[in-house]
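Notes follow once the structure below has been shown.
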Amino acid sequence: MGATLGKSDSPKKGWMPETKLEARMVEAMQRRESHGSSVKSFNTIILKFPKIDESLRKCKAIFEQFDEDSNGTIDQEELKKSFSKLEISFTEEEIKDLFEACDINEDLGMKFNEFIVLLCLVYLLKDDPAAVHAKSQIGMPNLEATFETLVDTFVFLDKNKDGYVSKNEMVQAINETTTGERSSGRIAMKRFEEMDWDKNGMVNFKEFLFAFTSWVGIEDEENEEA
């Protein structure tokens, strides 16, 4: 056992997909990665934070539509009923997987920032027929440009196109932006730690999305309201 273990033979949790949903996420991301990324540096994304923030906040109306009892969270039953009302044909298992993946605090209710992650996962899985229909029913076409920017950013970070971002890839991405600056490694490590929620050394798309909503300030506002 050494530090040279590849992803395929690593016993570490998360290096191989833990759930069917994560496996689908990784496969969808790898398909997307085959087209490359238009993002040239991490700084270009940082400059877009205000615009992305404004666009994501427009999801609030969709969130309130799903939150039938107006308690500030969406429970699994509300999600199921809303998908059914909108004729979104996900199976019960798929809805359960999506809910559990996005209810990151396991408090049995999706907050607004968690809901944004769910919508973006539906967007990523858009080449699945059920997800294409879901996207149009929820009214996501208006959000497509923003979600595409988020997918594009992940593609830019994932240098080896395996569906995960490693520490080395994050350092490389930040270095491309801040060549010659001593602080770049420290910035990269801080950003990576903010993304690596389960501390397993690899970041999947869901973890990246949670960090991103925090970076643009969505999570901060939700905490203030709580």
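Quick caveat, the model's predicted, so the values are computed rather than measured.
- Note: Lys48 NZ to Glu54 CD = 14.5 Å, rounded to the nearest 0.5 Å.
- Residues Glu207 and Tyr164 have side chains that never bring a donor and an acceptor to within less than 3.5 angstrom of each other.
- Between Phe83 and Leu98, some side-chain heavy-atom pair lies under the 4.5 Å cut-off.
- Applying the 6.0 Å contact sphere to NZ of Lys20 captures no more than 12 heavy atoms from other residues, nucleotides or ligands.
- For the pair Leu79/Leu118, a side-chain contact is recorded, criterion being any heavy-atom separation below 4.5 Å from C-beta on.
- Side-chain contact between Glu77 and Glu68 is absent, with no heavy-atom pair separated by less than 4.5 Å.
- Glu148 and Tyr123 share a side-chain donor-acceptor pair at under 3.5 Å.
- Of the listed residues (Met29, Arg31, His35), just one forms a side-chain contact (heavy atoms from CB on, under 4.5 Å) with Glu33, and that residue is Met29.
- Rounding to the nearest 0.5 Å gives a distance of 6.5 Å between CZ of Phe90 and CG of Leu125.
- No side-chain donor-acceptor contact under 3.5 Å links Glu169 to the backbone of Asp158.
- Remark: Arg32 does not engage Glu27 in a salt bridge, criterion side-chain N to carboxylate O under 4.0 Å.
- Interatomic distance, Phe112 CZ to Asp67 CG, rounded to the nearest 0.5 Å: 11.5 Å.
- Side-chain contact between Glu94 and Arg24 is present, with heavy atoms from C-beta onward closer than 4.5 Å.
- Cation-pi check for Lys40 over Phe42 is not met; the charged atom does not lie both under 6.0 angstrom from the ring centroid and within 45 degrees of its normal.
- Between Lys167 and the options Glu193, Met189, Met195, a side-chain contact (heavy atoms from CB on, under 4.5 Å) holds for only Met189.
- Ring-plane geometry between Phe49 and Phe212 is classed as perpendicular, the angle between the planes exceeding 60 degrees on a 0 to 90 degree scale with a lower cut at 30.
- Side chains of Asp196 and Met202 form no contact here, defined as non-hydrogen atoms less than 4.5 Å apart.
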So Asn113 and Ser214, side-chain contact (heavy atoms from CB on, under 4.5 Å) or not? Walk me through it. CA-CA 8 Å; Asn113 66 314; Ser214 176; over 6 Å; no
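- In terms of heavy-atom proximity, Leu157 sits nearest to Val165 at CB-CG2, 3.8 Å.
- Heavy atoms only, all atoms of each residue included: Phe156 and Ala173 are closest at CE2-CB, 3.9 Å.
- Annotation: the span from Phe115 atom CZ to Cys120 atom SG amounts to 12.0 Å, rounded to 0.5 Å.
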Working note: Glu93 + Asp97, criterion side-chain contact (heavy atoms from CB on, under 4.5 Å); need CA distance, chi angles, decisive distance, verdict. CA-CA 6 Å; Glu93 185 187 5; Asp97 287 349; 4.0 Å; yes
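- A distance of 8.0 Å separates CD1 of Ile46 from OG of Ser41, quoted to the nearest 0.5 Å.
- Within 6.0 Å of atom NZ in Lys96, 12 or fewer heavy atoms from other residues, nucleotides or ligands are found, so the atom counts as exposed in its surroundings.
- Using a cutoff of 4.0 Å between basic side-chain nitrogens and carboxylate oxygens, Glu114 and Lys206 are not scored as salt-bridged.
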Stepwise, does the side-chain contact (heavy atoms from CB on, under 4.5 Å) test hold for Glu78 with Asp75? CA-CA 5 Å; Glu78 285 174 327; Asp75 61 36; 3.3 Å; yes
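- No side-chain heavy atom of Lys190 sits less than 4.5 Å from a side-chain heavy atom of Ile187.
- Using a 4.5 Å cut-off on side-chain heavy atoms (C-beta onward), Asp103 and Ile74 make no contact.
- By the 30° and 60° cut-offs, the orientation of the rings of Phe208 relative to Trp215 is perpendicular.
- Closest non-hydrogen pair, Leu121 versus Cys102, comes out as CD1-SG, 3.9 Å.
- Taken to the nearest 0.5 Å, the CG atom of Leu150 stands 6.0 Å off from the CG atom of Leu56.
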For Leu209 and Ile116, run side-chain contact (heavy atoms from CB on, under 4.5 Å): C-alpha distance rounded to whole Å, both residues' side-chain angles, the deciding distance at 0.1 Å, then the answer. CA-CA 9 Å; Leu209 290 173; Ile116 287 171; over 6 Å; no
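- Two residues are said to be in side-chain contact when any heavy atoms from C-beta on lie closer than 4.5 Å; Phe147 and Ser55 fail this criterion.
- A salt bridge is absent between Lys60 and Glu64: the closest approach of a Lys/Arg side-chain nitrogen to an acidic carboxylate oxygen does not fall below 4.0 angstrom.
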